[in-house]
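In what follows, a single structure is set out as structure tokens and then discussed.
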Number of protein chains: 2
Amino acid sequence: MSDVARLAGVSIKTVSRVVNDEPGVHPDTAERVLAAIEQLGFRRNLGARNLRRGMSTGTIGLVLEDVGNPFYSVLTRAVEEVARAFGRQVLTGSSAEDPARERELALEFCSRRVDGLIVVPAGMQHGYLVPEMRAGTPVVFVDRPAGDVVADTVLVDNLGGTAAMVDHLARYGHSRIAFLGDAPDIFTASERLRGFREGCAKAGIRYDESLVVMGPHTDAAVASSVRRLLSGADPATALITGNNRITIMVLRALSTLDARPAVAGFDDFELADLLAPPVTVLAHDIAAMGRAAAELLFARMEGDTSPPRRIVLPANIIPRGSGEVRP
Amino acid sequence: MSDVARLAGVSIKTVSRVVNDEPGVHPDTAERVLAAIEQLGFRRNLGARNLRRGMSTGTIGLVLEDVGNPFYSVLTRAVEEVARAFGRQVLTGSSAEDPARERELALEFCSRRVDGLIVVPAGMQHGYLVPEMRAGTPVVFVDRPAGDVVADTVLVDNLGGTAAMVDHLARYGHSRIAFLGDAPDIFTASERLRGFREGCAKAGIRYDESLVVMGPHTDAAVASSVRRLLSGADPATALITGNNRITIMVLRALSTLDARPAVAGFDDFELADLLAPPVTVLAHDIAAMGRAAAELLFARMEGDTSPPRRIVLPANIIPRGSGEVRP
DNA sequence: CGCCACCATGACAACGTTGTCGGAACCAGG
DNA sequence: CCTGGTTCCGACAACGTTGTCATGGTGGCG
């Protein structure tokens with residue numbers, strides 16, 4: 001900036017005025033300054049600006065599990081879109097389901113003085129965020145609740161959705177329903193398992209522990225679980241899968257077998273409708289979740305101090321065929 | 001920081017020393033300082049630090065078309081992974097295929113003084129980046145080349161891959177091959193079209209313009225194009241689709257028809273192997289592309305001044321069935 | 001005891017920007 | 001001519017941090 005000032009023969013303050021469209025600069029002077037800016041390829045340093053002005057850095061942080069997963073990338077896009085509407089940039093980072101990494105990313109973002117933070121929790125401890133929240137950085141948790149802090153949270157109705165799916169299968173005559181879920185220390189996985197149990201209870205189905213397989217999963221392990229579940233004296237006639245990854249693993253396993261159990265999965269996924277048979281899923285609007293979280297965050301950033309909210313979005317059964325077969 | 005200093009009864013410089021693990025601080029003093037930091041929830045302001053130190057901000061910018069698209073989200077994750085290895089954060093933004101938005105994002109990132117920029121070009125004009133590049137910000141283009149600047153670029157062998165696919169279909173006896181590509185002003189789309197023409201020439205197939213449909217596409221438009229291509233006196237017996245989106249649109253259209261032409265698509269996609277029939281694709285390693293771009297960028301950031309490189313990654317046919325049927 | 005080396009610490013400037021304030025130049029009106 | 005107001009502009013401090021240098025105290029050694 002001082003280079004520009006020197007070249008234009010004015011003070012740096014005048015350059016600052018031109019750059020910020022402040023009034024009180026003679027048009028001729030402004031023109032000279034603009035020419036100098038152009039010539040030198042000057043671009044104002046936003047870091048210095050934010051330091052001086054002290055308020056907003058114009059950025060928000062987004063910590064999620066893996067941007068590479070379509071689930072989170074859709075979420076990211078939705079957050080980005082809202083941020084854009086509010087004129088903010090988004091810093092993203094993937095925690096890879098590692099609480100230490102989540103913490104590291106979140107605190108790094110705080111060090112960069114993001115105006116707000118959206119977190120898909122990897123762990124159950126979030127006390128480390130308390131000082132930041134007290135210092136005025138709003139935090140919104142998405143997809144899973146925070147472990148030990150009260151804060152805004154946007155969730156899907158994991159429990160109710162899964163229970164509804166059990167009911168759905170039961171209506172088609174299934175009483176031997178297996179559940180393949182993710183690692184039970186992941187909130188969504190344990191909620192869905194709870195939903196499965198409640199669904200069984202409501203539908204009057206005996207909850208059989210041997211029909212429940214929880215992760216973490218590998219393709220091979222899922223394949224052997226599926227084989228086991230579908231064989232024996234009293235095999236499963238229907239499978240509920242706990243998320244899109246597992247659904248796909250199961251479908252891949254089934255493609256090598258003759259058995260054709262009913263299949264219904266949590267999370268919708270692309271091409272589910274084109275498979276043979278089309279896959280029945282419990283769908284929820286991921287983009288809506290991202291938007292809700294981002295809008296909540298921006299409301300906080302703009303001074304909303306109402307009590308923390310918990311938004312629970314519905315999950316709806318999309319019957320496509322795979323879940324509508326009788327035993 | 002001055003608050004911490006006051007509470008600990010030392011100068012801010014001493015606090016700075018403690019925060020940065022600089023030597024020459026008495027252990028007792030350091031302990032007092034750490035206690036004060038803990039008590040106040042102090043976190044050093046990275047913005048101010050970067051300003052003072054003047055060198056790296058520890059961030060890179062990534063401008064792509066849409067993080068929500070699995071293609072780019074995998075790319076993003078790969079870039080993020082490399083950035084993590086080098087201790088950097090990633091700023092992302094989606095251009096939505098709008099050159100103005102791409103420019104806006106890239107320049108915004110430059111204003112934030114990113115250490116480097118990875119861009120999936122939306123437009124053909126990138127002269128606006130020249131001042132930034134001259135000022136020392138390395139830029140790497142991915143997936144598509146820059147319009148009018150010479151810079152490092154990582155591409156896929158669009159032309160050769162598509163030509164190989166024509167050859168592949170010709171070997172199975174097809175001579176009426178249709179091509180459904182994206183908007184021809186997108187580099188990858190026009191390259192793939194060129195590859196299609198060259199492939200036809202090499203295979204001794206007459207290039208028939210009426211068998212070529214370029215985007216932008218909607219589901220409805222693709223469906224009607226497919227119907228047209230497969231009917232009439234001399235219908236197409238094979239379809240080549242120009243990217244994963246179009247492949248899926250075509251598959252969806254075909255699912256409502258009786259015709260079963262050979263289908264082969266550019267870009268691999270999840271579940272391609274589980275469809276009936278499994279879909280033959282031209283696969284390339286998107287994560288490898290992201291890694292290559294990021295590694296190139298970091299090499300530049302660390303002072304590599306060799307001439308700009310152009311890395312072209314191969315695209316390989318994965319025959320799964322849909323492309324191996326005879327007319 | 002005197003000198004030097006070394007350790008721990010602090011004062012100060014600087015990074016690039018903007019907010020505050022004051023001042024020079026000009027004009028209009030008395 | 002003076003007064004008061006307006007317009008344009010620059011000097012200076014400050015944001016939070018770190019690099020440089022100076023300083024006071026302590027211990028070892030001749």
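Protein chains get the first letters and strands the later ones, always in sequence-line order, with residue 1 at the start of each.
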Residue Glu31(B) excluded, over 12 heavy atoms near CD under 6.0 Å: no

Residues in contact with DNA chain D, drawn from residues 104-117 of chain B - heavy-atom cutoff 4.0 Å: none

Pairing of Arg84(B) and Glu104(A) as salt bridge, 4.0 angstrom limit: yes

Short N-O contact, Arg112(A) and Glu108(A), less than 4.0 angstrom: yes

Presence of salt bridge, Arg300(B) and Asp115(B), under 4.0 angstrom: no

Gap between atoms CZ and P, on Phe42(A) and dG16(C) respectively (whole Å): 10 Å

Touch class at under 4.0 angstrom, heavy-atom based, for Ile12(B) against every strand present: base

Presence of donor-acceptor pair under 3.5 Å, side chain of Arg52(A) and base of dT18(C): yes

Quiz item: Arg17(B) side-chain donor-acceptor pair to dG10(C) base, under 3.5 Å: yes

Between C1' of dT20(C) and CG of Asn20(A), the distance in whole Å: 15 Å

Glu81(A)/Arg291(A) ion pair, N-O < 4.0 Å: no

Closest to side chain of Thr29(B), choosing from dT17(D), dA8(C), dA11(D): dA8(C)

From dT18(C), dG19(D), dT17(D), nucleotide with atom closest to Met1(A) side chain: dT18(C)

Sugar-phosphate, base or nothing in reach of Gly54(A), heavy atoms under 4.0 Å: nothing

Ser16(B) vs dT17(D): side-chain N/O to OP1/OP2 distance below 4.0 Å: no

For atom CG of Asn45(A) and atom C1' of dG16(D), their distance in whole Å: 14 Å

Pair Glu38(B) + Arg43(B): basic N to acidic O under 4.0 Å: no

Side chains of His126(A) and Asp148(A), donor plus acceptor under 3.5 Å: no

Listed nucleotide nearest any side-chain atom of Thr14(B), set dG16(C), dG10(C), dT17(C): dG10(C)

Arg44(A) side-chain N/O to dT17(C) phosphate OP1/OP2 under 4.0 Å: no

Among dG10(D), dT18(D), dG16(C), the one nearest Ala48(A) by side-chain distance: dG16(C)

Nearest-neighbour nucleotide for the Glu22(A) side chain, dC9(D), dG19(C), dG16(D) considered: dG19(C)

Sugar-phosphate, base or nothing in reach of Val10(B), heavy atoms under 4.0 Å: sugar-phosphate

Among dT18(C), dT18(D), dG16(D), the nucleotide that comes nearest once only the side chain of Leu51(A) is considered: dG16(D)

Atom pair distance, as rounded to whole Å: NE2 in His26(A) and C1' in dC26(C): 12 Å

dG19(C) phosphate, OP1 or OP2, under 4.0 Å from Arg53(A) side-chain N/O: yes

